[in-house]
Amino acid sequence: MNAPVRRHASVCPHDCPSVCALDVEVLADGRIGRVHGAKEQRYTAGVVCAKVARYAERIHHPDRLTQPLRRVGPKGSGQFAPIGWDEAMDRLAEAFLNAERRHGSESVWPYFYAGTMGLVMRDGIERLTHAKRYSRFFETICVGISWPGYLAGTGKLLGADPREIASSDCVVIWGTNAVSTQVNLMTHAIRARKERGAKIVAIDIYETETLRQADLALVVRPGSDGALACAVMHVLFRDGRADWDYLRAHTDAPEALLDHLATRTPAWAAAITGLSVAKIEEFAALVGATPRTFFRLGYGFSRQRNGASNLHAALCIPAVTGAWKHEGGGAMHSNSGIFQLDRSLIEGLDKRDPSIRQLDQSKIGAVLTGDANALKGGPPVMATLIQNTNPMAIAPNQTLVRQGFAREDLFTCVHEQFMTSTARYADIVLPATMFLEHDDIYTGGGHQYLQFGGKAIEPPEGCRSNHEVICDLARRVGAEHRGFAMSPREIIDETLRASKRGTLAELEANRWLDCQPSFRQSHYLDGFAHADGKFHFRANWAQSPYGNDGPRGDFDALPDLPDHWAVNEATDAAHPFKLATSPARNFLNSSFSNTATSRAREERPSVLINAADAERVGVKSGDLVTLGNVRGETRLHAKISAFPPPGTLISEGVWPNEDFVDGKGINTLTSDASVAPFGGAAFHDIHVWLRPR
Ligand code: SF4
């Protein structure tokens, strides 16, 4: 019998704020069994999502790539022939050297993202970029909109300890479908409800499973969260629920805010959000009467053209009530600012040259098709290595992305675990390891733990880790950095020591390190992280979270005080619907779209349509429909549902392009236009038309 012979301590590597601590069953045959959440880690608290619990299905999948491949058919055809590692790496190195000789080093653009969140495996590619002066990568897809919104208020990516939810009397889950995407958050909120009668408020643009489990569920129109926040604050001031002692001591412009909000009434917000006045009043009354209200602000509602402004507006509410003063009160969006790791060795920051251009991740289509603005006036991109991401499915404006990857003169190498939509366009495909097959460290996004996930099992013969590939390539293209001669464990140990976070041996023995600052620091009781020590209602959008090395943004038109900023893609006669590309429960971005159980549960690419809209357009559940706008069209199946309100369409999950009737994925419809203040793609801010078939 293939019983577990040991339990291996690990960490979930996927792009999810929960970054769960895992106990992984390792079987006698060297395979893994069931994956459990670590009980002793207080945020994970023994709970993981179902898709990771059944990870054996993914890591031992018969379709895993295990052999380097060379393209033998047209780009995108998926026709490949096996080759050896040496030949594959030779071809990759030669393509990079050729591009550099002919067009300069900036014609090479290493491209990566969050398929693994392990720092060594995800970010080691940056060391190669900097050492070789290749075009730098400017990250905009995930956090580019929301982080500036949070930083505008607090000055730091730090929030109240999420474990304090145990002491909350009200938990506001805003713009994140926690049941599907942050199962631990829901666990803590439900425990607070059970143990102390806490109320759960959930806010989203359709009735998600999280809203169905909430005590107060608010379905707002996409991009209208700022209006809701303003009306709530209007009521708080009107009804004497603003904490003026707190406001005077800890915030920058409370009187200006009070004046500004005079016209932001519930009736004003009702017209914008689609909520009733009564619901807005109910929410405001609850928050006003509940000092220990914890605002867990998600990423979802920031994926709008006005997303940074919306996030800042929601963040202003606990500053008005003074909820920050209380255990179980305040706000949290991301804890990414607390770890303070010295990333020099991992990313080769000592070799970084700020004069080398940074190309915007979201604009990969424009970059690869030679748009002069996207290329910052520099040479065309002629060669790329892609790790941990699948831009042919997840990047916006897919029509351009597809044209770019189809270029005959572009050399593309994709280092991947499965034959993704992007890998199908590669000239060379390299097989990659998964997290249980290599060593790495992980920082929490939705919590405060720094964790080590060590190698548990041998990879399939033929797979190599990102670190191995980067170091090998560095040698072949003449990139110099001492990190290329170090093992992941050596890099981790030196990084921890340089960051004053102990040693690898200590972290491995303890499994995790709790990096949460003190209660007073986490609640900013000794001052917010702006120079004046105040929470800022008046946002200084020009203050870049990227420092002087980052791109400057388009921030002139952003409202300084919290408001509804009406810049989103509006519906009109030709495009009567708003579409959001929300997460699916059984996928994580485009990951897990290969595993049979996840696919079976998600069924097929589909769009949720309100019954009234469906009747008006003449569509029934199961019908093929076409969604379109100026950026393109895609066909998928209709699901008639009570969950989205009239006028809002929801397509959950990023399916491979090959699963769509015409091979065109959902991001055919999304825009790559840069969102203020510093760029990013508004994935949930899409106007479309809908027609049968
Ligand atoms: S995907 Fe998220 S919830 Fe699931 S195990 Fe990983 S970190 Fe935890």
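Positions are given from 1, in the same order as the sequence printed here. Just follow the structure's listing: the first ligand is 1, and inside any ligand the first atom is 1.
Centroid-to-centroid, the aromatic rings of Trp655 and Phe660 stay 6.0 Å apart or farther. Separation of the His312 and Tyr150 ring centroids does not fall under the 6.0 Å cut-off.
Heavy-atom contacts of Cys12 reach the following atoms of ligand 1: 1 (S), 5 (S), 6 (Fe), 7 (S) (cutoff under 4.0 Å). Taking every heavy atom of Leu588 and a limit of under 4.0 angstrom, the matching atoms of ligand 1 come to 1 (S).
With hydrogens and angles ignored, the 3.5 Å screen pairs a side-chain donor or acceptor of His333 with a backbone N or O of Leu297.
The residue from Val11, Val183, Asp15, Val47 that puts a heavy atom closest to atom 3 (S) of ligand 1 is Val183. Considering Pro13, Cys20, Gly445 only, the shortest heavy-atom separation from atom 8 (Fe) of ligand 1 involves Cys20.
In terms of protein heavy atoms, atom 2 (Fe) of ligand 1 is closest to Cys16 SG, 2.3 Å. The single protein non-hydrogen atom nearest to atom 4 (Fe) of ligand 1 is Cys49 SG, 2.3 Å, given as residue, atom name and distance.
Under the side chain to side chain contact (heavy atoms under 4.5 Å, CB included) test applied with Val675, the options Ile145, Asp685, Thr140 reduce to a single match, Ile145.
Shortest non-hydrogen contact noted between Gly33 and Leu27 is N-CG, 3.8 Å.
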